[in-house]
Amino acid sequence: MAASPGPALANQAHARPVQTVAGVQAPTKALATANRLYKTGRLTDVNCSPGSLPAGSTNAYRRYLTRVTSCLNEAWGAQFRKAKMPFAKPRLRIITRKVNTACGRWSTGAEGYYCSADRTMYMLIGKKQLRRPFPPGITRLVAHEYGHHVQQVSKIWTYYWAAGSRAGKAQRLRLSRNSELQAECFSANFMSTMRGGSVFTEAEWLSMVKWFREFGAEVWPQNDHGKGPTQAAWMTRGFTSGAPGSCNTWAASPRSTT
């Protein structure tokens, strides 16, 4: 019997980009809306098989996170080569307590965190995670944080933060939703390459999408990640297509990124 997705899926992701320097010419919106990654087709299937994840073992958890990250490095590295764009791997820092990062204090509610200042994914292993590890949810979370790294190295975030630095509150929230929903869609691209494998079943995937539809917005009261049904819609879109081109939240109708 599969473990309940609830506890693992509650481990939400967060990211902080680095602010642009005042006075520098604003980047063009095309960095986000017409990025070359969108024309690279389906994400490369690297036959990722991170192994088992027994409860109660910090070492097994670390090994699992490291293996998933290696798969993501390989898959997205291939995608950047298709786009003829430079690529660099992120750092992975696995922690057992919340820490300050180069981007500031740890955000409340986050169990995974990407900081572009040091291009590092911070992944938290706590008692809750050790008691009831849920591999599909953990894989999705790592892939979401990696999605923010993809935004950073592809320069999508160059536009995002420049636009946010001169926007009002409502616009900043909309830009944040574009970023978070795209990272979730990129995560689903990666999850689609593992379809039919040993990490999750079709029923478990549908259960995750259902959880996000019902509860995905509860951790973020300012609606900077999108409403539950909106999160679920971009998850489904990314999983069905398997292609980064389906994740262009920046050119999507505002109604689809609420």
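Only this structure's heavy atoms are used, side chains among them; waters, hydrogens and symmetry mates stay out.
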**Student:** Would you say the side-chain atoms of Ser256 pair up with the backbone N or O of Ala252, donor to acceptor, closer than 3.5 Å?
**Tutor:**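 No.
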**Student:** In terms of the angle between their ring planes, are Trp157 and Tyr160 parallel, tilted or perpendicular, with boundaries placed at 30° and 60°?
**Tutor:**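 Tilted.
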**Student:** Begin with the C-alpha distance, continue with both residues' side-chain angles, and end with the deciding distance and a verdict on side-chain contact (heavy atoms from CB on, under 4.5 Å) for Lys29 and Trp250.
**Tutor:** CA-CA 9 Å; Lys29 189 176 181 180; Trp250 308 93; 5.6 Å; no
**Student:** Treating Ile, Leu, Val, Met, Phe, Trp and Tyr as nodes and any side-chain heavy-atom pair under 4.5 angstrom as an edge, say whether Met208 and Trp234 lie in one connected cluster.
**Tutor:**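 No, separate clusters.
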**Student:** Return the minimal non-hydrogen interatomic distance between Glu111 and Trp106, and the atom names on each side.
**Tutor:**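 Minimum heavy-atom separation between Glu111 and Trp106: C-CZ2, 4.1 Å.
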**Student:** Using a cut-off of 6.0 Å, state whether more than 12 heavy atoms not belonging to Gln222 lie near its atom CD.
**Tutor:**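 It does not: Gln222 CD has 12 such atoms or fewer within range.
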**Student:** When you look at NZ of Lys89, are more than 12 heavy atoms from neighbouring residues, nucleotides or ligands closer to it than 6.0 Å?
**Tutor:**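 No, NZ of Lys89 has 12 or fewer neighbouring heavy atoms, counting only those of other groups under 6.0 Å.
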**Student:** Is the shortest side-chain heavy-atom distance between Val46 and Thr193 below 4.5 Å?
**Tutor:**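 They are not in side-chain contact.
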**Student:** Parallel, tilted or perpendicular: which fits the ring planes of Tyr114 and His148, with parallel below 30° and perpendicular above 60°?
**Tutor:**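 Parallel.
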**Student:** Do the non-hydrogen side-chain atoms of Val153 and Pro90 ever get within less than 4.5 Å of each other?
**Tutor:**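 No; the side chains remain at least 4.5 Å from each other.
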**Student:** For Ser176, is there any backbone N or O sitting under 3.5 Å from a side-chain donor or acceptor partner on Asp224?
**Tutor:**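 Judged by distance alone, no pair lies under 3.5 Å.
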**Student:** Taking the side chain as C-beta and beyond, is there a heavy-atom pair between Pro50 and Met194 under 4.5 Å?
**Tutor:**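 Yes. Closest side-chain heavy atoms under 4.5 Å.
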**Student:** To the nearest 0.5 Å, how far apart are CE in Met235 and CZ in Phe212?
**Tutor:**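 The CE atom of Met235 sits 5.0 Å away from the CZ atom of Phe212.
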**Student:** Atom CG of Leu37 and atom OG of Ser154: how far apart are they, to the nearest 0.5 Å?
**Tutor:**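 So the CG of Leu37 and the OG of Ser154 are separated by 5.0 Å.
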**Student:** Is it true that the side chains of Tyr38 and Ser246 contain a donor and an acceptor less than 3.5 Å apart?
**Tutor:**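 Per modelled atom types, Tyr38 and Ser246 side chains form no pair under 3.5 Å.
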**Student:** Check the pair Thr69 / Met123 against side-chain contact (heavy atoms from CB on, under 4.5 Å), numbers first and verdict last.
**Tutor:** CA-CA 11 Å; Thr69 301; Met123 303 304 302; over 6 Å; no
**Student:** Quick check: Phe87 with Trp76 (ring centres under 6.0 Å apart)?
**Tutor:**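 Ring-ring flag for Trp76/Phe87: false, centres at least 6.0 Å apart.
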**Student:** Checking Thr28 against Tyr159 for the side-chain contact (heavy atoms from CB on, under 4.5 Å) test, could you report, in this order, the C-alpha distance in whole Å, the side-chain angles of both residues, the deciding distance, and whether it holds?
**Tutor:** CA-CA 7 Å; Thr28 173; Tyr159 165 74; over 6 Å; no
**Student:** Give a yes or no answer on whether the side chain of Gln151 reaches the backbone of Ile156 with a donor-acceptor pair at less than 3.5 Å.
**Tutor:**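 Between the backbone of Ile156 and the side chain of Gln151 there is no qualifying donor-acceptor contact (under 3.5 Å).
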**Student:** Restricting to non-hydrogen atoms, name the atom on Ala167 and the atom on Leu175 that form the minimum distance, rounded to 0.1 Å.
**Tutor:**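 Looks like CB-CD1, 4.4 Å.
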**Student:** Nearest 0.5 Å, what's the CZ-OG distance between Arg172 and Ser165?
**Tutor:**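 So the gap between those two atoms works out to 9.5 Å.
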**Student:** Fit a plane to each ring of Trp220 and His225, take the angle between them on a 0 to 90° scale, and name the class: parallel (under 30°), tilted (30 to 60°) or perpendicular (over 60°).
**Tutor:**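 Because their plane-to-plane angle is under 30°, the rings of Trp220 and His225 count as parallel.
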**Student:** Any non-hydrogen side-chain atom of Arg140 less than 4.5 Å from a side-chain atom of His144?
**Tutor:**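 Yes; the side chains approach each other to less than 4.5 Å.
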**Student:** What heavy-atom pair brings Asn223 and Arg177 nearest, and what distance separates the two atoms?
**Tutor:**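 Between these two residues, the closest heavy atoms are O-NH1, 3.0 Å.
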**Student:** Does some side-chain heavy atom of Val199 sit less than 4.5 Å from a side-chain heavy atom of Val68?
**Tutor:**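 Not in contact.
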**Student:** Quick one: does any side-chain atom of Thr240 pair with a main-chain N or O of Thr236 as donor and acceptor, under 3.5 Å?
**Tutor:**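 A pair under 3.5 Å: yes.
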**Student:** Can you tell me if Ser253 uses its side chain to pair, donor with acceptor, with the backbone of Arg255 under 3.5 Å?
**Tutor:**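 Checking the backbone N and O of Arg255 against the side chain of Ser253, a donor-acceptor pair under 3.5 Å is found.
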**Student:** Within the distance-only criterion (no hydrogens, no angle test), does the side chain of Ser241 pair as donor or acceptor with the backbone N or O of Ala243 below 3.5 angstrom?
**Tutor:**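 Yes; at least one donor-acceptor contact below 3.5 Å.
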**Student:** Which heavy-atom pair separates Ala188 from Phe239 by the least distance, and what is that distance?
**Tutor:**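 For Ala188 and Phe239, the tightest heavy-atom pair comes out as CB-N, 3.5 Å.
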**Student:** Just by distance, do the side chain of Arg91 and the backbone of Thr120 share a donor-acceptor pair under 3.5 Å?
**Tutor:**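 No; judged by distance alone, with no hydrogens or angles, the pair does not exist.
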**Student:** At what distance, to the nearest 0.5 angstrom, does CG of Asp45 lie from SG of Cys48?
**Tutor:**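 Spacing of CG (Asp45) from SG (Cys48) equals 9.0 Å.
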**Student:** Taking Gln129 for its side chain and Ile138 for its backbone only, find out whether a donor-acceptor pair lies under 3.5 Å.
**Tutor:**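 No.
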**Student:** Would you give the length of the straight line joining atom OG1 of Thr201 to atom CD of Glu204, rounded to the nearest 0.5 angstrom?
**Tutor:**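 Taking OG1 in Thr201 and CD in Glu204, the distance rounds to 3.5 Å.
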**Student:** Determine the minimum heavy-atom distance between Leu31 and Lys155, stating which atoms define it.
**Tutor:**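 Here Leu31 and Lys155 meet closest at CB-O, 3.6 Å.
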**Student:** Main chain of Phe215, side chain of Trp211: is a donor-acceptor contact present, judged purely on distance under 3.5 Å?
**Tutor:**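 Here the side-chain-to-backbone pair does not exist.
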**Student:** Should Leu181 and Thr230 be marked as a side-chain contact (heavy atoms from CB on, under 4.5 Å) after you check the CA-CA gap, both sets of side-chain angles, and the distance that decides it?
**Tutor:** CA-CA 8 Å; Leu181 292 167; Thr230 307; 3.7 Å; yes
**Student:** Determine whether Pro136 and Trp205 make a side-chain contact, defined as any pair of heavy atoms from C-beta on separated by less than 4.5 Å.
**Tutor:**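 Pro136 does not reach Trp205 side chain to side chain.
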**Student:** Kindly say whether Lys128 contributes a backbone atom to a donor-acceptor pair with the side chain of Arg132 at under 3.5 angstrom?
**Tutor:**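 Side chain of Arg132 to backbone of Lys128: no pair is present.
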**Student:** Which atoms form the tightest heavy-atom contact between Arg36 and Met85, and what is the distance?
**Tutor:**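 Closest approach of Arg36 to Met85: NH2-CG, 3.3 Å.
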**Student:** Is there side-chain contact between Ser57 and Leu130, with at least one heavy-atom pair below 4.5 Å?
**Tutor:**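 Ser57 does not reach Leu130 side chain to side chain.
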**Student:** Give the cluster check for Tyr64 versus Leu72: same hydrophobic cluster or not, with ILVMFWY residues linked at side-chain heavy-atom distances below 4.5 Å.
**Tutor:**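 In one cluster with Tyr64: Leu72, yes.
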**Student:** About how many Å separate CD of Glu180 and OG1 of Thr257, when rounded to the nearest 0.5 Å?
**Tutor:**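 Separation between the atoms: 12.5 Å.
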**Student:** With side chains defined as the heavy atoms from C-beta onward, is the minimum distance between Gln152 and Arg119 less than 4.5 Å?
**Tutor:**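 Yes; the side chains approach each other to less than 4.5 Å.
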**Student:** Would a single hydrophobic cluster contain both Leu173 and Trp161, if residues Ile, Leu, Val, Met, Phe, Trp and Tyr are joined by side-chain heavy-atom contacts under 4.5 Å?
**Tutor:**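 Trp161 does not cluster with Leu173.
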